[in-house]
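Naming convention: chains lettered A, B, ... in sequence-line order (proteins, then strands); numbering from 1 in each chain.
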There are 2 protein chains.
Amino acid sequence: MHERERHRIILVEVSEKPVVTIAQLVERLGASEATIRRDVNFLHDAGKLNKVRGGAESLHPPISTNLVGRPFAISQTINAQAKREVAKAAAAMCEDGESIIIGGGSTAYMMAEYLKNRQIHVMTNSFVIAEYLLKNSKCSVTLPAGKLYREQNLILSPFPEDGSANFYASKMFFGAQGVGKLGVMETDPQIVQGTTRLLQRAEQRVLLVDSSKFAQRSSMIICELSELDTVITDQGIEPKMQKMLEATGCRLVIAPSTQVQ
Amino acid sequence: MHERERHRIILVEVSEKPVVTIAQLVERLGASEATIRRDVNFLHDAGKLNKVRGGAESLHPPISTNLVGRPFAISQTINAQAKREVAKAAAAMCEDGESIIIGGGSTAYMMAEYLKNRQIHVMTNSFVIAEYLLKNSKCSVTLPAGKLYREQNLILSPFPEDGSANFYASKMFFGAQGVGKLGVMETDPQIVQGTTRLLQRAEQRVLLVDSSKFAQRSSMIICELSELDTVITDQGIEPKMQKMLEATGCRLVIAPSTQVQ
DNA sequence: TTCTTAGCAATCATTTTCAATCATAAAAAT
DNA sequence: ATTTTTATGATTGAAAATGATTGCTAAGAA
């Protein structure tokens, strides 16, 4: 196996687990311990991962270890690296002093990490985002009214007068279950309702989806593609899908890869 | 198991339970007692958790503070104990399936601990109560809309349409800065506004104050004593104050002392 | 109070991990 | 074809982590 190939696999392993041991990597890659150590040292020097005694860990350790909803905890780990790149690009679109809305979804959640050292007015219906920003940032945080759903970690309300009507944001960032020609899709009708209500409070709508979401379909449409201002995704997006998005008139941002190719 | 992995798991355990013992962690992690102690010491030095005799507890305002062996002033300790007794008596007033509102204040906050194993519909403008109930109980949790204030850990909104209008509760439990002949008092006008708005959504109003609050005064009146249905306090209340309260027609509950004499 | 037990830090032996070194094999350059 | 460079694997002494033991202290019970 080639050196680059090993590096690539090591980074994937590291981004998916909080920590991998040298022994695990030896097993996974079939190389000697010495080689793995050299690889880990190299990637560490290159700033691609964090070396710890006994193995390596991600540069971005899971920000909230005390996640409540299992489904949420799981969805956070798949495609973690791509999601992080997307989230980083999204955070870069914000300026200090700006007012933004962040919706649910694990990609949007990762934005919180990149807003840590910023001063932004954030409205969110995601309880974990609120919790993280409250404890780790200087951002001001505003919540809509509603019931707290454990599985999705979202605040949702069946009533239209949920207090979000007084909020205005220049941008809203949100994730989704799937994206197709017909629009942006979610599974739960309550999530759709909560998201669309927030969407009306924002001037620009920015969709955050890792490229795997273009293959996903779901049952309920949040909004049409033409209603979006920007879509941020990772480099895995197919040219066909890229063309389709651009045809709808929305700006497509492909987050730069932070991985070794 | 890897060191980082242990640290991560310990932090999860600590954030999920009010207090976790060394023995529990030994069991959970399969490492020796010495190692666990070293880990706990490390995390303590790193400021990630609070070390207590026999184990570790969360850094964030632990609902159940270990009374023994704390360098707090004795009066403070007694106050905490009194608050806990009051909170326990308050929780005993609730029945499963009931809808209640819990306001801010440290006494009300302690109620959360006693609602852990209950099934109650709770609306609260206290972020920490919401967080605790979401993670540790089966209660359903509903929030009003508003901005999150870090110092008070409260959700407050200047707008009347904050989403609480659709909620109804049989009882509202709330604390206060001080209590006098003129009524229940608080310092911050925003807190007064938020509390009074919630008070209107409840059938019965239950005030939770440890007896030291009868000596306190403050600048803004939340409501008059005659508007209260019940006042719960501890055994430290003076007979004079007791008479005054009973004269207003509200029920006075003196929480039984749980302290060993 | 005094006694008993549980918790804790310090110590030491053992095991694991690590970086440096060397030797070999593969690849590249001459 | 030969030399040079590079990558890999094995070895080794040092450093770090772990687990068991011990003596001490604090908490709780009698």
Side-chain angles (χ1 to χ4, degrees), chain A residues 1-14 17-59 61 260-261, chain B residues 1-11 13-14 17-59 62 64-74 76-78 80-81 84-85 257-261:
Chain A
M1 180 179 306
H2 201 269
E3 184 178 11
R4 301 286 181 172
E5 180 74 359
R6 286 199 315 271
H7 288 180
R8 203 182 56 75
I9 293 177
I10 290 174
L11 287 177
V12 169
E13 293 286 320
V14 153
K17 293 168 199 162
V19 52
V20 286
T21 66
I22 298 289
Q24 286 173 326
L25 291 173
V26 168
E27 167 90 5
R28 171 80 176 76
L29 294 165
S32 77
E33 191 185 303
T35 301
I36 301 294
R37 284 186 196 286
R38 270 186 280 256
D39 288 342
V40 168
N41 284 344
F42 174 85
L43 292 170
H44 173 75
D45 292 342
K48 301 290 172 58
L49 52 71
N50 220 336
K51 205 172 70 161
V52 296
R53 192 176 172 84
E57 70 177 3
S58 164
L59 275 181
V260 156
Q261 16 268 347
Chain B
M1 170 162 335
H2 197 272
E3 181 180 13
R4 294 306 183 104
E5 185 75 1
R6 286 199 315 269
H7 289 180
R8 210 176 56 79
I9 293 176
I10 290 174
L11 288 177
E13 293 288 318
V14 152
K17 293 163 195 160
V19 59
V20 58
T21 68
I22 298 288
Q24 285 173 326
L25 291 173
V26 168
E27 166 89 5
R28 170 83 176 74
L29 294 165
S32 77
E33 191 184 303
T35 300
I36 301 294
R37 283 187 197 287
R38 272 187 278 254
D39 287 342
V40 168
N41 284 345
F42 174 86
L43 292 170
H44 173 75
D45 291 343
K48 301 284 179 63
L49 52 71
N50 226 333
K51 211 171 64 160
V52 295
R53 187 177 172 83
E57 69 178 8
S58 166
L59 204 56
S64 170
T65 44
N66 203 345
L67 274 177
V68 287
R70 291 202 150 257
F72 283 8
I74 292 180
Q76 284 251 355
T77 315
I78 289 173
Q81 178 65 25
R84 195 168 295 110
E85 289 159 2
S257 170
T258 57
Q259 192 143 39
V260 191
Q261 315 292 352

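The minimum heavy-atom distance between B/His2 and A/Gly55, with the atom names listed, is NE2-N, 3.7 Å.
Between A/Arg53 and B/Glu3 there is no salt bridge, since no side-chain nitrogen of the basic residue lies less than 4.0 Å from a carboxylate oxygen of the acidic one.
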- request: Decide yes or no on side chain to side chain contact (heavy atoms under 4.5 Å, CB included) for A/Glu5 and A/Arg8, but give the supporting numbers first.
  value: CA-CA 5 Å; A/Glu5 180 74 359; A/Arg8 203 182 56 75; 3.6 Å; yes

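Between B/Asn41 and A/Gly55, the residue anchored closer to the 5' end of DNA chain C is B/Asn41, taking for each the nucleotide with the nearest heavy atom.
Under the 4.5 Å side-chain criterion, counting only non-hydrogen atoms from C-beta, A/Ile10 is not in contact with A/Glu13. Side chains of A/Lys51 and A/Asn41 form a contact here, defined as non-hydrogen atoms less than 4.5 Å apart.
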For nucleotides 13-15 of chain C, tabulate all protein N/O to nucleotide N/O atom pairs closer than 3.5 Å, reporting atom names and distance.
none

Between protein and nucleotides 8-12 of chain D, what N or O pairs are separated by less than 3.5 Å?
residue, atom, partner, partner atom, Å
D/dT8, OP1, A/Arg6, NH1, 2.7
D/dT8, OP2, A/Arg6, NH2, 2.9
D/dG9, OP2, A/Ser32, N, 3.0
D/dG9, OP2, A/Ser32, OG, 3.1
D/dG9, OP2, A/Thr35, OG1, 2.5
D/dG9, N7, A/Arg38, NH2, 2.6
D/dG9, O6, A/Arg38, NH1, 3.4

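Taking atom CZ of B/Phe42 as the reference point, atom P of D/dA16 lies 14 Å away to the nearest angstrom. In this structure, A/Asp45 places its CG atom 10 Å from P of C/dA19, rounding to the nearest Å. The CZ atom of A/Arg37 sits 12 Å away from the C1' atom of C/dA20 (whole-angstrom rounding). Between the P atom of D/dT6 and the CZ atom of A/Arg4 lies a distance of 14 Å, rounded to the nearest Å. Distance B/Ile22 CD1 to D/dG19 C1': 15 Å, rounded to the nearest Å.
The shortest distance between the side-chain N/O atoms of A/Arg53 and the OP1/OP2 oxygens of D/dA16 is not below 4.0 Å. For A/Lys51, a side-chain nitrogen or oxygen approaches OP1 or OP2 of C/dA19 to under 4.0 Å.
The bend of the helix from C/dT1-D/dA30 to C/dT30-D/dA1, defined by the angle between the axes of its first five and last five pairs, stands at 30° to the nearest 10°.
Counting non-hydrogen atoms under 4.0 angstrom, A/Val26 reaches nothing in the nucleic acid.
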